[in-house]
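Structure first, then comments.
Order of listing sets the numbers, starting from 1, for every ligand and every atom in it.
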Amino acid sequence: MIFKKQIIYMDNAATTALDPKVTQAMLPFFEQKYGNASSSHQLGRQAKEALERSRSVIAKSIGAKAGEIFFTSGGTEANNFAIKSVAFANRSKGNHIITTKVEHECVLNSCKWLEKQGFKATYLDVDKEGFVNPEEIEKAITPKTILVSVIHGNNEIGTIQDLAAIGKVCRKHSVLLHTDACQSYCKTDLDVNKQQVDLVTLNAHKIHGPKGVGALYIREGVNILAWQSGGGHEGGLRSGTENIPGIVGFAECVKQGASKTHRKHMTALRDKLIYGVLKIEGARLNGPRGDKRLCNNANFVFPGLVGETIGGYLDQKGICSSTASACTVHTNEPSHVLQAIGLSKEEAEGGLRLTISRFTTEEEVDKALKALPGIIAKIR
Ligand SMILES: Cc1ncc(COP(=O)(O)O)c(C=O)c1O
């Protein structure tokens, strides 16, 4: 049991509870093993060993080399790092970036920021289930294109893009491919060589690890500028004293979480949730079904209703849900992802996202399914 069971937590796309095994792995690095990984004494060496062990764990999990993993303060920083540092490093080659309309805000806003610096960005449409067509990517590539950035598993509607097909197109045209894998990491297959990806954003707090830690995979040989200047940490690309407890926790949650059994468990509960909610009159599913959907994601729309209101009633019953991404909430705008898959602004207001985790139980899903029809009837 990892959190108070009177709460049914179904907002695991926003963040997850820390796995107790992760807490245990981190604790010594707050208490006795508090050295700075740059110090040459024994506490420093101990921290450095933990840092490099963790780097190897993360690298192995995506088929990368340890030297290709650069720790950051999370997914937002890694996405900014990937997009902005690649753009400026390759400025002499071109100034065009391709992305999609269903990216996380930190990708979209990095591209918008670059546009203000003289870069050009193409925001590709997606289909009704949220997929970008690799052929559309190919058509959008120009001699000036330097980077394609496509989210792997969508944080709102769970769509898993065909990275291998996108990777093939990018290789063919010698354009770098970046993917934001914060939601898909440990939930679906990710291999930088099989899928031919050059930069990958990862973070820990979506997989029962600590907040404030992530990583950017950068393929050896990719032309990229240093993101933070300083003492030359992380191969000189991202200076700053490494967050050793966080990084150790990150590696531990990957060790604990990257299991096919967990995926099977989540897939079964996700499908039970989808099947049950769709029995409610008017409810519609956003995003695809089956193995092209993140195993922990269910996203519905109740046309004519307001998702915030449904979430409020669920909260009163101890069930945590969300309407869209935790970050979109700050803009007070209906989800850009739901609008990109063809919902009107009004329809998008009626979105409800329920995201489970490997710790979610069938009993919790049953309770949510029991509560929801009454709530919808009451609001109507
Ligand atoms: C797809 C995606 N990318 C990036 C982020 C940002 O990650 P972080 O919260 O570690 O900055 C998130 C988390 O909200 C996300 O879901």
(request) Before signing off on this row, confirm whether N155 and ligand 1 have an N or O atom pair separated by under 3.5 Å. (result) no

(message) For the residue pair R91 and F119, would you count it as a cation-pi contact if the rule is NZ or CZ under 6.0 angstrom from the ring centre and within 45 degrees of the ring axis?
(response) yes

(message) Heavy-atom count check: over 12 atoms from other residues, nucleotides or ligands less than 6.0 Å from Q32 CD?
(response) yes

(message) Can you name the atoms of ligand 1, numbered from 1 with element, that are less than 4.0 Å from a heavy atom of T76?
(response) 6 (C), 7 (O), 8 (P), 11 (O)

(message) Out of all atoms in ligand 1, which are within 4.0 Å of some heavy atom of N203? Include the element for each.
(response) 7 (O), 8 (P), 10 (O)

(request) Find out whether the Lys NZ or Arg CZ of K84 is both under 6.0 angstrom from the six-membered ring centre of W227 and within 45° of the ring's axis. (result) no

(message) Which option wins on minimum heavy-atom distance to atom 14 (O) of ligand 1: H205, H152, K206?
(response) K206

(message) I'd like to know if the side chain of E138 pairs up with that of H173 as donor and acceptor (distance under 3.5 Å, no hydrogens or angles considered).
(response) yes

(message) Could you check, using the six-membered ring where one of them is a Trp, whether H152 and Y185 have ring centers closer than 6.0 angstrom?
(response) no

(request) Report yes if E77 has an N/O atom closer than 3.5 Å to an N/O atom of ligand 1; otherwise report no. (result) no

(message) Only heavy atoms of Q183, strictly under 4.0 Å: list the atoms of ligand 1 that pass.
(response) 1 (C), 15 (C), 16 (O)

(request) Between I151 and ligand 1, find which residue part has any heavy-atom pair under 4.0 Å and reply side chain, backbone, both or neither. (result) side chain

(request) Inspect the surroundings of CG in D191 and state if more than 12 heavy atoms from other residues, nucleotides or ligands are less than 6.0 Å away. (result) yes

(request) Identify whether L314 and L369 are in the same connected component of the hydrophobic contact network (ILVMFWY, side-chain heavy atoms under 4.5 Å). (result) yes

(request) Using a strict cut-off of 4.0 Å, indicate which atoms of ligand 1 neighbour a heavy atom of G74. (result) 10 (O)

(message) Under 3.5 Å between any N/O of G75 and any N/O of ligand 1: does that happen in this structure?
(response) yes

